[in-house]
Amino acid sequence: MAETRKEHVWIDALRYSGYRVTPARLAVVKVIAASQRALLPLDAYLEARKLCSSLGLVTVYRTLEKLEELGCVVRVHSPNGCGAYLAAA
């Protein structure tokens, strides 16, 4: 599957911040970048596991936190307190 521009920018941001872009992290990037809605970390994990079967939930959380720190995604809070993630505008 070809990389979208958004994915390319996010991958570069991860690399420039010192993160290795592993197949697991790449799967998380692809899922979040392609989503039209906010995803809970567990939802992102379930979708990204289809792309990388060795993906762990901890990797999803760490990747989402790093993407948020880099301004690639924003955390969306719901009334029940769960934080979902959405691609930044």
Side-chain angles (χ1 to χ4, degrees):
M1 181 189 299
E3 219 175 76
T4 66
R5 172 147 170 66
K6 185 186 301 185
E7 291 170 13
H8 181 74
V9 168
W10 291 8
I11 290 165
D12 281 350
L14 286 169
R15 280 193 182 118
Y16 292 139
S17 69
Y19 256 48
R20 287 183 311 118
V21 180
T22 63
R25 289 184 183 133
L26 183 58
V28 175
V29 166
K30 286 184 172 298
V31 166
I32 297 294
S35 181
Q36 298 297 314
R37 63 181 180 87
L39 293 177
L40 293 170
L42 182 59
D43 295 331
Y45 168 75
L46 294 172
E47 285 300 310
R49 284 272 311 206
K50 296 174 186 174
L51 302 173
C52 180
S53 62
S54 64
L55 175 68
L57 188 55
V58 171
T59 298
V60 173
Y61 276 98
R62 288 181 181 154
T63 303
L64 289 171
E65 288 173 1
K66 189 62 175 182
L67 289 171
E68 180 183 22
E69 180 184 311
L70 295 170
C72 300
V73 299
V74 293
R75 191 180 310 203
V76 180
H77 295 281
S78 66
N80 67 1
C82 292
Y85 292 83
L86 181 65

### Message
Hydrophobic cluster membership, with links at side-chain heavy-atom distances under 4.5 Å among I/L/V/M/F/W/Y: are Y61 and L70 in one?
### Response
yes
### Task
Using atom types as modelled and distance alone, determine if a side-chain donor or acceptor of S17 lies under 3.5 Å from a backbone N or O of A13.
yes
### Message
Does this structure show an ion pair linking E65 with R62, if we count only N-O contacts that are shorter than 4.0 Å?
### Response
no
### Task
Report yes or no: do L46 and L55 belong to one cluster of Ile/Leu/Val/Met/Phe/Trp/Tyr joined by side chain heavy-atom distances under 4.5 Å?
yes
### Task
Decide whether V31 and L40 are clustered together by the hydrophobic rule: side chain heavy atoms of Ile, Leu, Val, Met, Phe, Trp, Tyr closer than 4.5 Å, transitively.
no
### Message
Would you say that W10 contacts V73 through its side chain, given a criterion of any heavy-atom pair below 4.5 Å between the two side chains?
### Response
yes
### Message
Can you tell me how far apart CZ (R49) and OG (S53) are? Round to the nearest 0.5 Å.
### Response
6.0 Å
### Message
Is there a side chain to side chain contact (heavy atoms under 4.5 Å, CB included) between L67 and L14? Walk through the geometry before answering.
### Response
CA-CA 8 Å; L67 289 171; L14 286 169; 4.2 Å; yes
### Query
Which heavy-atom pair separates A44 from I32 by the least distance, and what is that distance?
CB-CD1, 3.8 Å
### Summary
In terms of heavy-atom contacts, A38 and A84 come closest through CB-CB, 3.8 Å
### Message
Applying a strict under-4.5 Å side-chain criterion to I, L, V, M, F, W and Y, I'd like to know whether V21 and L51 cluster together.
### Response
yes
### Message
Does anything in residues 12-27 form a salt bridge (Lys or Arg N to Asp or Glu O under 4.0 Å)? List the pairs, not counting sequence neighbours.
### Response
none
### Task
Could you tell me which non-hydrogen atom of G83 sits nearest to which non-hydrogen atom of P41, and how far apart they are?
O-CD, 3.4 Å
### Joint cluster assignment, L64 & L86, ILVMFWY side-chain distance < 4.5 Å
no
### Query
Where do A33 and K6 come nearest, in terms of heavy atoms and distance?
O-NZ, 3.4 Å
